[in-house]
Number of protein chains: 2
Amino acid sequence: MRGLDRPSQSGEQGAMNRKRVSAHQPVLLATVAAKAGVSIATVSRIVNGETGRASAETIERVQKIVGALGYRPNHVGRALRRRESRIVAMLSPNLDNPAMAAIAASVETALRSAGYVMILCDTHDRAELQDEYLHAMRSQAVQGYVLVNAVQSEALSASVARGDPIVFVGRRNPAGAGSFVGIDNRRAGADAADHLWAQGIRDLAVIHPTQGSSASRDRVDGFVRRLKELGLPCEAIRQASALGLSHLEVGYAAAQRLIDGKSWPGGLLCPSDMMAYGAYRLALEKGIRIPETCRIVGIDDNALNAWIAPWLISVRIPYADFGAKVVGQLQALWAGEQPSEQLLPHELIVR
Amino acid sequence: MRGLDRPSQSGEQGAMNRKRVSAHQPVLLATVAAKAGVSIATVSRIVNGETGRASAETIERVQKIVGALGYRPNHVGRALRRRESRIVAMLSPNLDNPAMAAIAASVETALRSAGYVMILCDTHDRAELQDEYLHAMRSQAVQGYVLVNAVQSEALSASVARGDPIVFVGRRNPAGAGSFVGIDNRRAGADAADHLWAQGIRDLAVIHPTQGSSASRDRVDGFVRRLKELGLPCEAIRQASALGLSHLEVGYAAAQRLIDGKSWPGGLLCPSDMMAYGAYRLALEKGIRIPETCRIVGIDDNALNAWIAPWLISVRIPYADFGAKVVGQLQALWAGEQPSEQLLPHELIVR
DNA sequence: CTGAAAGCGCTTACAG
DNA sequence: CTGAAAGCGCTTACAG
């Protein structure tokens, strides 16, 4: 229909404007209604499974036509009318990180089961991009937000203030309270400490990003505190940090500083697997044997570790279970409940 | 506004129904218009940058109010009216595969730059799920589809027949022609052959999924043909395959069959890095030294290889460049152009 | 059991 | 330079 009823006043340009008019006109509620000889209201009700509001014959006839024509309700119209888009936005800092990809996959699956679709936004860990996306998603009228490792930003504060349904994953709301799904980061660090200690390793070190998130800090903190409890003074634990966007590079550079003019430690905590990979590369370059010379402990336990990084001890985070929890939190928020935190169990994996 | 003008007839249940009425009423075109004392038509034009259709004073006044109120056009209303959702659906078989994650990230970035948002659907490589998503996305009135490693399915055929704008990535349309972004898989296989041959390795093998995609087949084919050209008869190339959804497992199991009762080959082509990881794990278990005993060549060259898989030779596929090409193809389709194929250059990486 | 009508938030000819 | 009105595809009280 579109454009066909518009008189073509530019006769000589007709040939140029002649696009493939292959676009089937869409099947609308009205199309079905006309074919069935009923009102669109009736078709709408039947399509929405509202039974008992139409005669059995009508229902059957309409359903047959719906099937034959392949009618699918247009969610744009529905969303406008019902005021629910059934879209959720997920903002993730970086899909190249297997942990983030695992979260995205898990959340996507859970949302789909619950009847929602997920718009994925890669913020590249940059506050401006996070803001841009937050604005764009508001325009999309998304019903909720899943913020993985969110950073502090203006639009985030505004969104929180507005009371938008947000679930924070991995990192807590950088500016206040809010629903959260993650692990007990301090305990994860402490578990790493316990393991290395139990191995009899006393020459310990930890690296971290210079401007680490609360998650990183908590992991390092838990590690250091636990060692202190075990009798190792803070000064005895070597620490190094490095700036950088990528944890791979942070791991490499921080490890470099750590060993600058000194020997490799016997045990090294890296608060993410990516940092562990970075440190590993440096070890390879320096001819250090891992794990014989140095036990590296990461956190995440990416699925690939079992296949190609058997040298890595890592705290497994059950990312596959995050999706269901996240969706649960969203539904709680939609139901008007207060935000809450959900900590999932982690497990140290030694290969 | 919602619900507030509805007379509360259940006085005694009032307390139970009293939800947090914290939901701010949204800022609409009408809100801005009322505040500015103009019609919504005028506000709409100004918001859409239609200059020269309103006096300078009006424009300034309206823009000020828009800013103060933080008005953002609701894309649901806009989509319904303009008949364009500015949403594109990406169907990917498995985000856990770093190659798929890289494609998703690249496409997402390119779409965003072009003013679109991406709904991500993880099909888990299952035809039924692909169909379910294809239907759901039609309901969402998405403007285009990006199908990564698509499998044959009913809804896909229907979508193609309908003329929906689809770009196939990695794997071609399993049932016919269509826009495509990928690499020259035969050449990639041939390049692997050339490299191993040049190393003087003659004891060669290749593994692959039993029901491989056209991409896998072409890679293996290119490898075998090139070796034949070089003088190695087909019979001299050991081959093994295995069933399985995950390429990791396929790699492991196929390698197992390959060496069943025999020695490890000196060179092994794995048509994906994931399969190479699988084969590597078996090698580790068997105490085979990689790469000293056996050179493994993968295809993809995942970003992590440089950090933790220096033993892996791999054909680098420029996934980071896929996004721009995919969006270009989509725009071509939207402009009414015929589908076309775009092959990007690959490069064998030897570490 | 069914339909006419209002309205969700926007855009856009059309008229002035 | 500006606004009234139609309409995008749906859902849902309301009336019969």
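Chain letters run A, B, ... following the sequence lines, proteins first, then strands; residues in each count from 1. These numbers come from the heavy atoms of this one structure, side chains and all, not from hydrogens, waters or symmetry mates.
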### Task
Decide if atom CD of A/Glu60 counts as having more than 12 heavy atoms of other residues, nucleotides or ligands within a radius under 6.0 Å.
no

### Query
Would the number of heavy atoms belonging to other residues, nucleotides or ligands and lying under 6.0 Å from CD of B/Glu128 be above 12?
yes

### Summary
Using Watson-Crick geometry (N1-N3 plus N6-O4 or O6-N4) or G-U wobble (N1-O2, O6-N3), each under 3.5 Å, C/dA4 is paired with none

### Message
With a 3.5 Å limit on both atom pairs, tell me what D/dA13 is paired to, counting Watson-Crick and G-U wobble, or say none.
### Response
none

### Task
Using the C1' atoms only, state how far D/dT12 lies from D/dG16, rounded to an integer number of Å.
16 Å

### Euclidean distance for P, C/dC1 against C/dA5 (whole angstrom)
24 Å

### Task
Summarise protein proximity over nucleotides 8-15 of chain D in one line of letters, 5' to 3': B for base, S for sugar-phosphate only, - for none, counting protein heavy atoms closer than 4.0 Å.
BBBBBBB-

### Message
Nearest 0.5 Å, please: how far is CG in B/Leu134 from CD in B/Glu154?
### Response
11.0 Å

### Task
Please confirm whether the backbone N or O of A/Leu91 pairs with a side-chain atom of A/Thr123, one donor and one acceptor, at under 3.5 Å?
no

### Message
Whether the side chain of A/Ser92 engages the backbone of A/Leu95 through a donor-acceptor N/O pair (distance < 3.5 Å, no angle test) should be reported.
### Response
no

### Task
Indicate whether OP1 or OP2 belonging to C/dC1 is found under 4.0 Å from a side-chain N or O atom of A/Thr58.
no

### Message
Applying the side-chain contact (heavy atoms from CB on, under 4.5 Å) criterion to A/Val167, which one of A/Val327, A/Val107, A/Val181 satisfies it?
### Response
A/Val181

